[in-house]
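Below is one structure, written out as structure tokens; the observations come after it.
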Amino acid sequence: MAEITASLVKELREKTGAGMMDCKKALNETQGDLEGAVDWLRKKGLAAAAKKSGRVAAEGLVAVATAGTKGAVVEVNAETDFVARNDKFQGFAAKCAELALVTGGDVEALKAAAYPGTSHTAQDELTSLIATVGENMNLRRAVTLSVSAGVVVSYVHSAIAPGLGKIGVLVALESTGDAGKLADLGKQIAMHIAAARPDALDIADVDSSSLERERSVLAEQARASGKPEAIIEKMVEGRVRKYYEEVCLLEQTYVIDGETKLRKVVENAAKDIGAPVKVTAFTRFALGEGIEKAQSDFAAEVAAAAGGQG
């Protein structure tokens with residue numbers, strides 16, 4: 001019987017996309033015969049993942065988890081929205097968010113972490129899920145936030161199950177004040193973030209290249225008015241302030257009352273909470289953002305159109 005080496009297991013994993021434990025079992029069952037192991041996995045339906053790995057997965061779920069001063073958000077993708085309603089897929093996404101509370105925001109570390117209740121990794125669990133459900137899937141990204149004192153609050157917009165949906169937000173509030181009232185404020189701010197989509201926490205956090213690009217565009221627009229350079233400079237500065245109000249969380253107008261700046265909302269809330277409050281960080285995940293969608297399936301479109309005629 002051939003020795004079942006780590007390199008042989010690795011080669012079988014690369015050929016089939018199956019999990020490590022399944023590859024080891026297949027090689028043991030076939031006395032180390034690589035091609036026989038491939039066939040064994042195919043017969044068990046465990047090699048299907050490799051064939052699906054090239055297909056675009058832009059649907060799926062965003063999942064959040066919090067534990068007091070810590071919070072995590074992850075995105076797990078699939079090919080269709082239908083899979084997002086699959087109990088097993090939802091369970092996987094939820095457990096990955098909980099696991100990220102321990103592993104942190106490094107998605108590769110999350111993939112390599114032991115999956116709860118099993119002897120294999122989160123990536124192996126995903127590979128098995130791909131074979132079971134029949135779609136390409138991807139554990140795409142993860143972010144964690146924490147504070148030394150205070151709370152990390154989560155919000156999921158239009159949740160399809162607790163902590164699961166298409167838009168997930170985390171906001172970190174540092175304070176020694178009343179934890180319950182702090183959490184209530186955090187929930188309101190998280191809802192604002194979901195709606196207003198800020199890019200930065202404060203003016204100091206605005207990306208310098210984005211700001212310079214914006215200044216350049218605004219200057220060209222102002223010059224088109226034919227006004228003197230001194231006036232143009234003032235026009236640009238005024239428009240830059242408006243830009244800050246659009247992209248900086250603490251400069252934005254609070255969507256819930258439509259008039260107060262978020263910075264002032266936090267200051268006012270601190271009086272009721274009983275201690276100063278500082279928003280230290282936030283993150284907002286929208287499902288599929290940045291993924292290049294696959295071209296539409298023409299045959300499916302035709303079938304859908306035909307089905308709609310009557």
Side-chain angles (χ1 to χ4, degrees), residues 1-63 65 72-80 83-84 86-144 285 288 290-292 294:
M1 177 179 171
E3 182 186 359
I4 311 301
T5 63
S7 61
L8 193 60
V9 173
K10 182 174 181 288
E11 187 177 353
L12 183 57
R13 288 192 73 185
E14 289 172 351
K15 285 176 76 75
T16 64
M20 183 178 69
M21 298 304 293
D22 291 322
C23 287
K24 281 184 178 179
K25 186 173 182 181
L27 287 164
N28 281 323
E29 290 288 332
T30 59
Q31 289 75 51
D33 176 16
L34 186 64
E35 293 306 316
V38 171
D39 290 343
W40 188 91
L41 287 166
R42 288 182 64 196
K43 289 171 185 174
K44 298 289 184 182
L46 297 171
K51 296 180 181 179
K52 299 177 176 66
S53 62
R55 304 203 306 235
V56 175
E59 296 293 340
L61 288 170
V62 171
V73 56
V74 303
E75 180 180 353
V76 186
N77 299 122
E79 293 178 56
T80 65
V83 168
N86 177 288
D87 288 343
K88 288 184 179 178
F89 184 80
Q90 290 183 8
F92 176 78
K95 282 189 178 179
C96 282
E98 291 171 6
L99 195 54
L101 287 172
V102 179
T103 63
D106 184 339
V107 75
E108 293 306 318
L110 176 55
K111 289 177 180 178
Y115 189 73
T118 74
S119 57
H120 56 249
T121 67
Q123 181 60 50
D124 288 337
E125 181 71 14
L126 182 59
T127 300
S128 176
L129 191 58
I130 291 169
T132 302
V133 175
E135 285 194 10
N136 184 29
M137 299 176 194
N138 179 37
L139 178 47
R140 184 187 177 205
R141 54 180 175 157
V143 166
T144 56
F285 275 17
I291 298 177
E292 187 176 339

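Heavy atoms only: backbone and side chains are in, while hydrogens, waters and symmetry mates are out.
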How close do Leu139 and Leu126 get, counting heavy atoms only, and between which atoms? N-CD2, 3.6 Å

For residues Leu41 and Val38, determine if any side-chain heavy atom of one lies less than 4.5 Å from a side-chain heavy atom of the other. no

Taking all atoms of both residues into account, what is the closest heavy-atom pair of Leu99 and Ala122, and its distance? CD2-CB, 4.2 Å

How close do Glu125 and Thr118 get, heavy atom to heavy atom, and via which atoms? OE1-CG2, 4.1 Å

Where do Phe89 and Val83 land on the side-chain contact (heavy atoms from CB on, under 4.5 Å) test, with the steps shown first? CA-CA 7 Å; Phe89 184 80; Val83 168; 3.8 Å; yes

After noting the C-alpha distance and the side-chain angles of Asp124 and Thr127, does the key distance pass the side chain to side chain donor-acceptor pair (under 3.5 Å) rule? CA-CA 5 Å; Asp124 288 337; Thr127 300; 5.1 Å; no

Stepwise side-chain contact (heavy atoms from CB on, under 4.5 Å) check, Val9 with Glu11: CA-CA 5 Å; Val9 173; Glu11 187 177 353; over 6 Å; no

Search all heavy atoms of Ala72 against all heavy atoms of Thr144 and return the closest pair with its distance. CB-CG2, 3.8 Å

Atom pair CZ/CD of Arg140 and Glu75 - distance to nearest 0.5 Å: 4.5 Å

Test: Glu108 and Lys111 ion pair at under 4.0 Å: yes

Any chance you could lay out the side-chain contact (heavy atoms from CB on, under 4.5 Å) test for Thr132 and Lys88, step after step, and finish with the verdict? CA-CA 10 Å; Thr132 302; Lys88 288 184 179 178; 4.0 Å; yes

At what distance, to the nearest 0.5 angstrom, does CD1 of Ile130 lie from CD of Glu79? 9.5 Å

Distance (rounded to the nearest 0.5 Å) between Lys25 NZ and Ile4 CD1: 14.0 Å

d(Leu110 CG, Gln123 CD) to nearest 0.5 Å is 9.5 Å

Between Asn138 (side chain) and Asn77 (backbone), is there a donor-acceptor pair under 3.5 Å? no

With a 4.5 Å limit on heavy-atom distance, are the side chains of Val62 and Val74 in contact? no

Val143 vs Phe285, side-chain contact (heavy atoms from CB on, under 4.5 Å): CA-CA, chis, key distance, verdict: CA-CA 9 Å; Val143 166; Phe285 275 17; 3.7 Å; yes

Interatomic spacing from CG in Leu61 to CZ in Phe92 - rounded to 0.5 Å: 11.5 Å

If you measure from CG on Asp106 to CZ on Arg141, what distance do you get to the nearest 0.5 Å? 15.0 Å

Shortest non-hydrogen pair, Glu98 vs Ala65, comes out as N-CB, 3.9 Å

Any sub-3.5 Å donor-acceptor pair from Asn28's side-chain atoms to Lys24's backbone N or O? yes

Testing the basics here: between Leu27 and Ala37, what is the closest heavy-atom pair and its distance to 0.1 Å? CD2-CB, 3.8 Å

